[in-house]
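What follows is a set of notes on a single structure, which appears directly below.
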Amino acid sequence: MNKDVAPHALKSAATPVGTHEGYMPGFGNDFETEALPGALPQGMNSPQKVNYGLYGEQLSGTAFTAPSHQNERTWCYRIRPSVKHTHRFEKIDLPYWKSAPHVDPDVVSLGQYRWDPVPHSEGKLTWLTGMRTMTTAGDVNTQVGMASHIYLVTDSMVDAYFYSADSELLVVPQEGRLRFATELGVIDIEPQEIAIIPRGLVYRVEVLEGPCRGFVCENYGQKFDLPGRGPIGANCMANRRDFKTPIAAFEDRDAPSTVTVKWAGQFHETKIGHSPLDVVAWHGNYAPCKYDLRTYCPVGAILFDHPDPSIFTVLTAPSGVEGTANIDFVLFRDRWMVAEDTFRPPWYHKNVMSELMGNIFGIYDAKPKGFVPGGMSLHNMMLPHGPDKNAFEGASNAELEAEKLENTMSFMFETRFPQHLTAFAAREAPLQDDYIDCWTDLEKKFDGTPGKK
Ligand SMILES: O=C(O)Cc1cc(O)ccc1O
Ligand SMILES: [Fe+2]
């Protein structure tokens, strides 16, 4: 676990054998972990009395009756049951955090859009006040679709906690280091890592090194899963063991505190007298995790042609239509390019899915200029896009040798639903007015001559 001292360090047991720095390996495993010896009941979930006087409480991430291969739940053994944490809720306003459906009549969402990095703010911003929604898709009330956000965080949440009943959050840092102190343990992340925070899990976000900026995909729908590898087989792409879930860690601390809940697109606040991060032991398969994107093993063309970008899918959240994701999280990392007689960058295309991209660092091959670290682009449903003039000319005339694409890490949140821009994305964020000019100079080369290339 990271050595930095959090404002209120969580207590946890010594790192058990088989864990790596306070994390347990595996994706969707049935984990068990206890921060005090004997705190976890064995052989049953609900003993008449739990050791240490703890309360048993189940957190269900899927319906009780979900098929067993999809069923996810975790049993928590905690100092106080969560229900004691909830008093009357009051609605609060977080004006920059929007939920679908959110269609601003004055905003044109149909277009090829690109943004420079949203600048860090002068003022203090927390995980909650620093969330800036860029796009929304689907409907939070029917649990389909997603929202994309940029976060700008300068300050830790102190005696303040949050959970989203609406969504699972996929967090993609671009600058700075964050700590997620959650009910189920502590996750520290930095650029080139991601975190997945499940729906309903209570946490506090602390700044380990700021200011912090990054991207969030808020998934209203079915949980992220690993894609099937098909004929690729049992290895490569994202491997299960590289996902890390924290070991149990708890706070036994009385302090006037707030809990903010995002529910049906609205924010609510309640007050409690103690830290809700009081789970001493837990077992189950519904838990947060982190993943180092540098462990992603890309598979690609080794003779000719450019495959569909789905080959680079890290995580996929199903939509109910087979093979058509609510969200795919796709990674464009450094890799070798070896294809012969091939136009190697992404091809020109139009897609039924909506593609939102972000740059974590370096240069993206289809857009050598203008798509910069911290920046984003949106190519909405059925809108043509592809390499800019420079990328096209460079790649069409390049000497085709084995070439390593280095200094590059970008990603895509791709959804089957159209993405609607917020007023923030359209008017406050640094939208590049001249983005579509990057294709203007693509000239007609055709003159009817057979064999001309
Ligand atoms: O539009 C993009 O840059 C993303 C993308 C990458 C790729 O390799 C193939 C298709 C695609 O949409
Ligand atoms: Fe694309």
Side-chain angles (χ1 to χ4, degrees), residues 109-115 134-135 137 146 148 172 215 217 227 232 236-238 293 296-316 323-339 342-396 398 400 403-419 432 435-439 442:
S109 292
L110 186 68
Q112 295 90 347
Y113 289 119
R114 191 163 68 189
W115 293 265
M134 298 292 288
T135 65
M146 57 160 275
S148 70
V172 185
F215 311 92
C217 182
I232 292 171
C236 294
M237 303 172 73
L293 295 169
Y296 184 82
C297 174
V299 173
I302 52 172
L303 191 58
F304 64 89
D305 270 357
H306 179 111
D308 292 343
S310 43
I311 197 88
F312 296 145
T313 304
V314 183
L315 293 159
T316 186
T324 306
N326 184 33
I327 308 162
D328 278 331
F329 173 61
V330 179
L331 180 71
F332 304 99
R333 66 162 298 178
D334 50 325
R335 60 198 182 272
W336 281 92
M337 303 289 262
V338 296
T342 291
F343 181 77
R344 288 177 177 175
W347 11 251
Y348 294 101
H349 70 130
K350 217 158 89 174
N351 188 356
V352 66
M353 307 285 279
S354 296
E355 304 178 10
L356 184 117
M357 293 190 61
N359 186 332
I360 299 169
F361 75 86
I363 291 172
Y364 181 66
D365 57 343
K367 303 282 159 42
K369 291 215 177 87
F371 180 43
V372 298
M376 295 178 97
S377 69
L378 175 65
H379 304 118
N380 231 323
M381 182 187 68
M382 282 300 171
L383 258 196
H385 59 281
D388 64 19
K389 160 88 177 164
N390 285 338
F392 179 80
E393 293 301 337
S396 324
L400 291 183
E403 182 200 355
K404 181 125 187 244
L405 284 190
E406 280 178 302
N407 183 33
T408 186
M409 189 177 271
S410 292
F411 69 86
M412 180 157 70
F413 299 148
E414 186 175 2
T415 172
R416 63 178 286 205
F417 301 104
Q419 298 195 39
Q432 298 177 358
Y435 177 41
I436 57 171
D437 297 345
C438 76
W439 295 291
L442 287 165

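Note that the coordinates shown come from a computational prediction; the quantities given were computed from them, not determined experimentally. Whatever order the structure lists ligands and atoms in, that order sets their numbers, starting from 1. This chain uses plain numbering: 1 for the first residue, then up along the sequence.
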State whether the side chain of [X] and the backbone N or O of [Y] hold a donor-acceptor pair below 3.5 Å, judged by distance alone.
{"X": "R114", "Y": "G370", "result": "yes"}
{"X": "N359", "Y": "F371", "result": "yes"}
{"X": "K367", "Y": "G386", "result": "yes"}
{"X": "R344", "Y": "T342", "result": "no"}
{"X": "T415", "Y": "N326", "result": "yes"}

Listed once per pair and sorted, the side-chain hydrogen bond (donor to acceptor under 3.5 Å, both in side chains) pairs that draw on residues 369-386, sequence neighbours left out: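 Those involving residues 369-386 are H349-H385, S354-N380, E355-H385, H379-Y435.
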Rounded distance (nearest 0.5 Å) linking atom OG1 of T408 with atom OH of Y364: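 Between atom OG1 of T408 and atom OH of Y364 there are 8.5 Å.
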Table of N or O contacts for ligand 1, cutoff 3.5 Å:
| residue | atom | partner | partner atom | Å |
| --- | --- | --- | --- | --- |
| ligand 1 | 1 (O) | E355 | OE1 | 3.0 |
| ligand 1 | 1 (O) | H385 | NE2 | 3.0 |
| ligand 1 | 3 (O) | Y364 | OH | 2.6 |
| ligand 1 | 8 (O) | H306 | NE2 | 2.6 |
| ligand 1 | 12 (O) | H349 | NE2 | 2.8 |
| ligand 1 | 12 (O) | E355 | OE1 | 3.0 |
| ligand 1 | 12 (O) | E355 | OE2 | 3.1 |

Near the Fe ion (ligand 2) (cut-off under 2.8 Å), count of protein N, O or S atoms: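 Count of protein N, O, S atoms less than 2.8 Å from the Fe ion (ligand 2): 4.
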Any side-chain donor near an acceptor of the partner, D328 and T316, under 3.5 Å: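 The criterion, which ignores hydrogens and geometry beyond distance, is satisfied for T316 and D328.
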Ring pair (Phe, Tyr, Trp, His ring centres under 6.0 Å) partners for F411, two or more places apart: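 Result, ring pair (Phe, Tyr, Trp, His ring centres under 6.0 Å) vs F411: F215, F329, F413.
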